Visitor: 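Sharing a structure, written as structure tokens. Questions coming.
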Amino acid sequence: MLGLTACVGATERSDFEAEIRRRGGGVTTDVVSGPLDRLRAELGVADPELLLLSIAPADRVVVLDVRDPVERRNVDRYVSRNGGLGEPEPVQISAADDLDARSFRVSDIPALGDLEQLADRAIDAFGFADSYVEAISTGRRDNDPVLTVQVSSPRSEGTAIFDATGELLAAVPT
Amino acid sequence: MSGGGSRTPLRVIAVVVFLFSVTVLSALTTVIWPGEAKLLAPILCDDAHPDAYVVSDTYSSGPGETSTNFTMYCVGPRGDHRDVGWFKPFLGVTAINGIVIALVIALFVVRARIRRLRERQAVTPPTDPQPPRDAGPGPGTRPTVDGLPPGIISINDAVPRDEIS
């Protein structure tokens, strides 16, 4: 029996992940659009308010820190895996935190509606060989929401910063 | 007439044995050839994620032991992928194996029936009652010896002794 376990036609996990990276890292808009739709249904609001949105495209994991639409000092973390939406977990915040300054609405970042283009621009900005998008996250720059894209390759990595419309602001190799 | 009543349990048993055998065979074939599940890509994968991959995860399950899990993914051109799991692919592989085996069994059954039909046709006796002319004496006739009338063994017996003068 041991001799028969040839596993013909199967791919090792490491080879599969390498193939995902070779194809670009798995960045598609539905990675985030599906969880956002579920969030809207969960909260009963059309345009939820977020403090953080972080995407790991290869693992299909999205983390969202969301302001409670009713109790706006309450922040909950939702983790989405493979398009689903997990149960919310409370996030500790400081009493001095200015949530209004840190929060943004999904509609404030139109670039979230075309992540493919965002990923392509980030990869093109560096020109690394065999590069892929490792992570995408939101942030603030001069009080404006921005998107930060981590680009990696076997020999280099860098960070590309885009404004809310998807225009490249900076590309910084690390 | 008890023929139909006794056949039904046998048929049920035959179906159960067949299904069990196909399931066990599929469990073995998926260990040896897990890539067979990729044949189900047209059914389990959508147009946005058309490429099927069967990914193996091998881990240590104890001292000197390793276990392997299989997961099927449907992958799109940008590396986006859907986790299909292994239960549905295994069911699909079982269905494929079942159809193939059923077709092979049906082929053998049909061949056997055709052979039996031909043998029955060959055994049926001819319908003509008249025997051929040189086939020997027919029933009810007495054998002759050297052209002598029946009952005469030799020419000496042709005429009784007391009549010879």
Side-chain angles (χ1 to χ4, degrees), chain A residues 1-35 55-62 80-84 114-124 130-136 149 151-153, chain B residues 24-42 44-90 92-93 96-97:
Chain A
M1 184 66 171
L2 290 174
L4 292 176
T5 54
C7 296
V8 177
T11 304
E12 291 284 337
R13 173 68 61 180
S14 55
D15 294 335
F16 177 69
E17 290 172 351
E19 175 65 17
I20 297 300
R21 290 193 293 268
R22 190 192 66 77
R23 294 187 183 211
V27 178
T28 53
T29 302
D30 64 353
V31 170
V32 71
S33 63
I55 305 168
D59 298 324
R60 315 295 284 172
V61 173
V62 179
S80 166
R81 299 178 200 280
N82 293 310
D114 193 354
L115 289 182
E116 292 91 341
Q117 189 177 69
L118 197 78
D120 290 342
R121 285 179 176 172
I123 288 173
D124 291 343
D130 303 323
S131 58
Y132 57 94
V133 172
E134 193 159 3
I136 300 174
V149 181
V151 177
S152 291
S153 73
Chain B
V24 170
L25 178 70
S26 299
L28 289 174
T29 57
T30 51
V31 169
I32 300 167
W33 181 32
E36 186 183 5
K38 289 193 272 190
L39 296 173
L40 297 163
L44 296 178
C45 297
D46 55 27
D47 292 339
H49 310 88
D51 301 329
Y53 284 80
V54 173
V55 178
S56 64
D57 292 289
T58 303
Y59 58 95
S60 174
S61 54
E65 292 180 3
T66 56
S67 295
T68 302
N69 288 342
F70 297 110
T71 309
M72 182 167 161
Y73 291 92
C74 296
V75 184
R78 299 185 69 96
D80 47 314
H81 49 279
R82 279 197 316 114
D83 183 344
V84 181
W86 193 240
F87 182 64
K88 279 186 193 172
F90 178 74
V93 165
I96 291 173
N97 291 343

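Chain naming here is simple, since letters A, B, ... match the order of the sequence lines and numbering starts at 1 in each. Note that the structure is a prediction, hence the values are computed from the model and not measured.
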Visitor: Pick one of side chain, backbone, both or neither for A:E19, based on which atoms fall under 4.5 Å of a heavy atom in chain B.
Guide: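 For A:E19, the side chain is the part near chain B, not the backbone.
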Visitor: Identify the two heavy atoms, one from B:Y53 and one from A:T11, that lie closest to each other, and give their separation to 0.1 Å.
Guide: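 Taking every non-hydrogen atom into account, CD2-OG1, 4.0 Å.
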Visitor: Between B:D51 and chain A, which part of the residue has a heavy atom less than 4.5 Å away: side chain, backbone, both or neither?
Guide: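 Contact with chain A: side chain only.
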Visitor: Might you point out which heavy atoms bring B:K38 and A:G9 nearest each other, and give the distance in Å?
Guide: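 Smallest interatomic distance, heavy atoms only, reads NZ-O, 3.2 Å.
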Visitor: To the nearest 0.5 Å, how far apart are CG in B:D80 and CZ in A:R60?
Guide: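 B:D80 CG to A:R60 CZ: 5.5 Å, rounded to 0.5 Å.
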Visitor: Should the heavy atoms of other residues, nucleotides or ligands under 6.0 Å from CG of A:D124 be counted, would the total exceed 12?
Guide: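 Yes, CG of A:D124 has more than 12 neighbouring heavy atoms, counting only those of other groups under 6.0 Å.
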Visitor: If you measure from the Lys or Arg side-chain nitrogens to the Asp or Glu carboxylate oxygens, is any gap between A:D120 and B:R78 under 4.0 Å?
Guide: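 Looking at A:D120 and B:R78, the cut-off is met.
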Visitor: Need one label for B:T71: side chain, backbone, both or neither, based on atoms under 4.5 Å from any heavy atom in chain A.
Guide: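 Contact with chain A involves the side chain of B:T71 alone.
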Visitor: I would like to know whether B:D83 and A:R81 meet salt bridge (Lys or Arg N to Asp or Glu O under 4.0 Å); could you show each step before the answer?
Guide: CA-CA 11 Å; B:D83 183 344; A:R81 299 178 200 280; over 6 Å; no
Visitor: How close do B:V55 and A:E12 get, heavy atom to heavy atom, and via which atoms?
Guide: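 B:V55 and A:E12 have their closest heavy atoms at CG1-C, 4.3 Å.
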Visitor: If you measure from NE2 on B:H49 to OG1 on A:T28, what distance do you get to the nearest 0.5 Å?
Guide: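 Answer for the NE2-OG1 pair, B:H49 versus A:T28, is 6.0 Å.
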Visitor: What distance separates B:H81 NE2 from A:N82 CG, expressed to the nearest 0.5 Å?
Guide: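 Reported to 0.5 Å precision, the distance equals 6.5 Å.
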Visitor: Starting at OH of B:Y73, measure out to CD1 of A:I20 and round the result to the nearest 0.5 Å.
Guide: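 Taking OH in B:Y73 and CD1 in A:I20, the distance rounds to 9.0 Å.
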